[in-house]
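Accompanying notes for the structure given below.
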Amino acid sequence: MNIMKKETRLLVSIATFQMLMCVAGQAQNTAPIFTPVQPETFDGNMALSNAWGDYDNDGDLDLAISFKTGDVRLYQNNDGQFNNIGPQRGLLTGGKETRSIGWGDYNKDGYLDLYVGSNQNGNELYMNKQGDGFVEVGVELGVDIPHVSTRQISWVDYDNNGTVDLFVADRIGANYLFRNDDGVFVDVSAQTKLDDVRPTVGACWFDYNQDGLLDLFLANQSGSKDALYRNDGGIFTDVAASLGVEGTDRTSKQGGVDCTVGDFDNDGYFDLFVANYGTNYLYKNEGQGEFSEVSVQMGITGDDLMVGASWADYDNDGLLDLYVAGYHDVDEQRSPVDRLFHNDGDKFTEILTSGTPLSGADHGVQWADFDGDGDLDISLTEGYNIAGHHPVLRNELAMIKAHQSLQVEVLDAEGFATRAGSEVRLYDQTGNLLASRLVTTGDGYNSHSNQAVHFGIGTIGNIAVEVTFMTVNGRKTQRVKNIDPKEWVGRILKIQADN
């Protein structure tokens, strides 16, 4: 179950380091250093969505990007070097606006398939031909949805039967949930009560009340309140109002855009950040299915056009930080406004990104360790600025610090990566909880990642890794003890469900 992963470390020159430090400046915390990778490769504009996944199973994360122009590029990662092979692999090269993408192994053949959402022109499901290309099967399988305006895609096993189901958020109509019956999709949107007609943009699945069933938070636009659908065993009930997570009253130009889930205070409960057109929200999970809104208390404020958000421990100090992408709109002239919040433990401090490579997104944002060196790099998309691009930025964290990390991949009993929504926790040798991470079900606005779970761990000794799986018999935990993180530098620890 332990598979070696390539380790690549490209060091920035001293001159480049000094230049970037001068540009980035110093905030209350040392500004992180990120450098553009292959700028000429990632210079295309009108990019909307990004998704990391190892489509060819070679051990490197590849990157799919969708564009307003209809192009869907697949950047194959070869030892940290990227090349667009989308046209050769049978993906779209233009024609209609593609708004969202997500990887998922719907047929359990061990290869990630790609679902592509459009703006009212029909969606596509591209079956992965075992790394040799893609063939469109969405129409055949009934998941093309001709008139949907797709904003978020989720490959999740909502009924815990072992296969990934497909949730599609619709900006202009009712949302869709397709149950996967061994590769045959059945529309169960109305049956499950998830055919919410509010304009949904963001969707995040997690077991907020720890009952063994994945629940669904929806960020809704155009003045609508947000939703939190509790999974009551295949029927969903909106409990957002009773839990205080539906948002305050909004104008028709305000609303929820994106959501991201992470345990920012390392207490074992998963918290929720919601990026808004309007006031942003940070909901702390108090346990027992209760939430408190703590954005002002924790130093995450703002009232602007924020779009994508994603948690990540970019400096490997053991605490989740937060990147939020957004934009200003002045007389229909849009410019990126991106915000990076460093987690200080008791509060967040904003790191200024203006004038640095980290200021370059207004849509999808995704973290990933694409070069296998132990720190998290980032992919950004800029869709509104016609002069924009879609940069990939390498995290230039010092090597000794980058190696103070651990990555864990969660697999089902057959060895497939189908367990989105599973929870991973680290414990020290005395049994104290160190941190919790969620196997992501999609965040960052229109975006997705099928990467391993990443922990920054500092210089601690041996640890125990515990995975909580959602099963037909409820929550089930497996623990692997006496893991020495130093032995896993450049590798991924794989934990497979035992049944």
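Remember, it's a predicted structure, so these values are computed and weren't measured experimentally.
For the atom pair CG (Asp265) and CG (Leu320), the distance works out to 9.5 Å, reported to the nearest 0.5 Å. From Asp196, atom CG reaches atom CG of Asp238 across 7.0 Å, with rounding to the nearest 0.5 Å.
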Verify salt bridge (charged side-chain N to carboxylate O under 4.0 Å, His left out) between Lys96 and Glu124, making sure each step is shown before the conclusion.
CA-CA 12 Å; Lys96 62 181 180 180; Glu124 284 90 21; 2.4 Å; yes
What do the steps show when you test Tyr158 against Phe167 for ring-ring contact (aromatic ring centres under 6.0 Å, His included), and what is the final call?
CA-CA 9 Å; Tyr158 84 93; Phe167 177 79; 10.0 Å; no
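Side chains of Gln76 and Asp56: a donor on one and an acceptor on the other come within 3.5 Å. Of the N and O atoms on the side chains of Ser295 and Tyr283, not one donor lies less than 3.5 Å from an acceptor on the other residue. No side-chain N or O of Arg198 forms a donor-acceptor pair with one of Asn175 less than 3.5 Å apart.
Not less than 6.0 angstrom separates the ring centroid of Tyr115 from the ring centroid of Tyr106. In this structure, the ring of Tyr75 has its center less than 6.0 angstrom from the ring center of His390. Between Phe42 and Phe82, a ring centre-to-centre spacing shorter than 6.0 Å is recorded. Aromatic rings from His363 and Tyr445 are positioned such that their centres are separated by under 6.0 Å.
Of all the heavy atoms in Arg151 and Val201, the pair that sits closest is CB-O, 3.4 Å. Residues Arg250 and Asn220 approach most closely at NH1-O, 3.4 Å, considering heavy atoms. The two residues Thr150 and Ser100 come nearest to each other via the heavy atoms CG2-OG, 3.1 Å.
Between Lys284 and Asp267 a salt bridge is recorded (basic side-chain N to carboxylate O distance below 4.0 Å). Salt bridge status for Arg394 with Asp371: present, with a side-chain N to carboxylate O gap under 4.0 Å.
Cation-pi geometry between Arg73 and Phe67 is met: the NZ or CZ atom falls under 6.0 Å from the ring centre, inside 45° of the normal.
Between Tyr314 and Trp367, the ring planes lie parallel to each other; the angle is under 30°, not in the 30° to 60° tilted range.
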